[in-house]
A.B. asks: 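One structure coming up, written as structure tokens, with questions to follow.
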Amino acid sequence: MDVGIVGLRQLESMPKRIFSGVKPTGPLHLGNYLGALRNWVELQRQYESFFCIVNLHAITIPVDPDYLSALTLEIARLYVAAGIDPEISTIFIQSDVPEHAELAWILNCSTRMSELERMTQYKEQARKQRESIGAGLFEYPVLMAADILLYQTNLVPVGEDQKQHLELTRDLAIRFNRDYGETFQVPEPYIPKVGARIMSLSDPLKKMSKSDDDPNGCVMLLDDADTVRRKFKRAVTDSGTQIKFDDSRPAITNLLTIYQLLTGKAPADVEAHFTGKGYTQLKQDLAEVTIEFLRPLQERVRGISADDLRGILEHGRNKAQGIARATLAQVMTRRGVVGASGSN
Ligand code: AQP
């Protein structure tokens with residue numbers, strides 16, 4: 001059995017490993033790009049990076065199977081088009097590496113119900129879904145822990161809403177290491193220097209979200225120019241006329257934040273640009289900046305053939321699975337889960 005990888009991760013000289021993923025619950029939007037993909041493109045130059053499409057997480061809620069499989073591949077394409085370089089980073093689909101589900105089961109066995117009952121995301125979803133809530137949704141954080149721990153991950157980029165899940169991942173790793181011997185790297189949260197939380201265009205108090213029922217709240221990365229113009233035109237604004245970053249005026253601040261991030265301008269320059277202009281102009285300028293940003297991204301998406309994508313994902317799966325197998329083998333040995341041959 002190859003357990004070397006775990007020991008190797010202890011070496012100081014190794015680049016730190018980072019793991020992150022998107023769940024294919026809807027087409028990717030500007031929030032996913034500005035809050036996640038954009039940072040990953042930078043991070044891949046500093047860390048050994050694993051970027052996954054976490055499709056097993058997507059089936060914790062009802063989803064059409066054809067839609068899910070098409071969306072999974074679309075997101076993989078978007079990773080590459082956004083600048084994640086498959087030569088440097090490992091891009092793969094979670095279900096291609098069955099070790100995720102296997103480790104999740106083993107971790108489930110040392111997770112307490114009370115720990116999962118405390119998860120606020122679960123409590124929120126449970127409130128929405130009531131009786132129809134699935135056990136998968138309850139155990140979602142354990143699968144997420146498995147995703148991270150399989151790769152002996154050092155750092156996990158997390159938004160505010162995932163912090164509690166990462167805390168559980170750390171607790172599970174520490175508990176396993178204590179009870180069965182040093183096995184897992186205990187991951188740390190990675191808080192990007194420039195964090196961005198992009199809010200819905202229809203309700204600036206809610207984050208832009210792929211599974212939002214209101215399609216006007218999100219600008220999708222694959223929206224065409226007319227759709228982008230229409231969505232910004234409909235975007236809600238605050239009372240008053242001033243165009244300035246101001247926490248008490250969340251709608252305008254959100255539009256300015258998107259403008260700032262897409263143009264790379266300093267906030268003061270953004271405000272100067274809009275001095276003396278009205279909301280209509282702000283929305284029009286923002287739409288044009290967004291369209292100009294999306295055009296090359298969408299061209300790159302179209303330029304990735306099905307064969308190219310298959311090659312990238314197979315390469316990613318092989319790389320990921322090599323590491324995942326080594327971790328899982330060690331976990332099974334530690335837990336005494338062996339087969340007829342005496343090995344796992
Ligand atoms: N509005 C957002 N602003 C900034 N970052 C965002 N992310 C998501 N929405 C925003 C970041 O995108 C990454 C992938 O997210 P995910 O697929 O794990 O799920 P999520 O965070 O729950 O994203 P959504 O779009 O809101 O999906 P649904 O509607 O399915 O819940 C994460 O890094 C996240 O921070």
Side-chain angles (χ1 to χ4, degrees), residues 18-44 49-64 67-68 71-72 74-76 78-79 82 84 91 93-94 100 119-126 128-129 136-137 140-141 143-145 147-148 153 155-166 169 187 189-223 231 235 250-251 253-255 257-258 260-262 290:
I18 203 155
F19 178 96
S20 201
V22 167
K23 62 179 184 299
T25 41
L28 295 197
H29 50 72
L30 272 183
N32 295 128
Y33 177 79
L34 295 172
L37 296 190
R38 187 179 64 121
N39 294 327
W40 297 357
V41 172
E42 294 300 316
L43 291 172
Q44 69 180 343
S49 303
F50 289 75
F51 298 122
C52 188
I53 298 108
V54 287
N55 56 347
L56 295 175
H57 286 273
I59 58 170
T60 51
I61 50 172
V63 57
D64 176 76
Y67 177 68
L68 175 59
L71 188 62
T72 302
E74 178 183 296
I75 292 176
L78 276 165
Y79 278 14
I84 297 169
I91 301 174
I93 297 174
Q94 185 185 28
H100 286 249
M119 296 291 128
T120 47
Q121 272 203 355
Y122 165 74
K123 286 198 273 189
E124 274 165 29
Q125 290 287 340
K128 281 191 221 155
Q129 292 186 36
L137 204 58
Y140 183 110
L143 181 58
M144 181 173 151
D147 298 337
I148 295 165
T153 302
L155 295 167
V156 185
V158 273
E160 211 35 60
D161 42 359
Q162 293 290 341
K163 270 193 187 153
Q164 200 187 21
H165 290 171
L166 186 63
T169 302
Y190 176 89
I191 312 292
K193 273 187 229 105
V194 193
R197 189 169 161 87
I198 305 301
M199 309 310 278
S200 159
L201 301 186
S202 313
D203 178 356
L205 299 181
K206 269 179 23 192
K207 76 168 186 150
M208 196 176 271
S209 198
K210 331 183 200 84
S211 53
D212 194 339
D213 293 334
D214 174 8
N216 293 316
C218 285
V219 174
M220 304 304 178
L221 296 180
L222 297 179
D223 275 349
K231 287 181 177 175
T253 298
N254 188 40
L255 298 180
T257 302
I258 298 173
Q260 183 212 331
L261 293 171
L262 290 181
T290 305

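Start at 1 and go down the list; that is how both ligands and their atoms are numbered.
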A.B. asks: Do Asp223 and His29 meet the criterion of a side-chain donor-acceptor pair at a distance under 3.5 Å?
C.D. replies: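 No, because no side-chain N or O of Asp223 sits under 3.5 Å from a partner of the opposite role on His29.
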A.B. asks: Please give me the minimum heavy-atom distance between Leu68 and Pro24, naming the atom from each residue.
C.D. replies: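 So the two residues come closest at CD1-O, 3.5 Å.
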A.B. asks: Distance check, rounded to the nearest 0.5 Å: Cys52 atom SG versus His57 atom NE2?
C.D. replies: 8.0 Å
A.B. asks: In Å, rounded to the nearest 0.5 Å, how long is the span from CG of Asp147 to CZ of Phe19?
C.D. replies: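 Rounded to the nearest 0.5 Å, the CG-CZ separation comes out at 4.5 Å.
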A.B. asks: Heavy-atom cut-off of under 4.0 Å around ligand 1: list whichever protein residues fall inside it, by chain and number.
C.D. replies: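 Close residues (ligand 1, cut-off 4.0 Å): Gly21, Val22, Lys23, Thr25, His29, Gly31, Asn32, Gly35, Ala36, Ala196, Arg197, Ile198, Lys207, Met208, Ser209, Lys210, Ser211.
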A.B. asks: Does a salt bridge link Asp212 with Lys206, judged by any charged N lying under 4.0 Å from a carboxylate O?
C.D. replies: yes
A.B. asks: Could you label the plane-to-plane angle of the Tyr79 and Phe51 rings as parallel, tilted or perpendicular, counting under 30° as parallel and over 60° as perpendicular?
C.D. replies: perpendicular
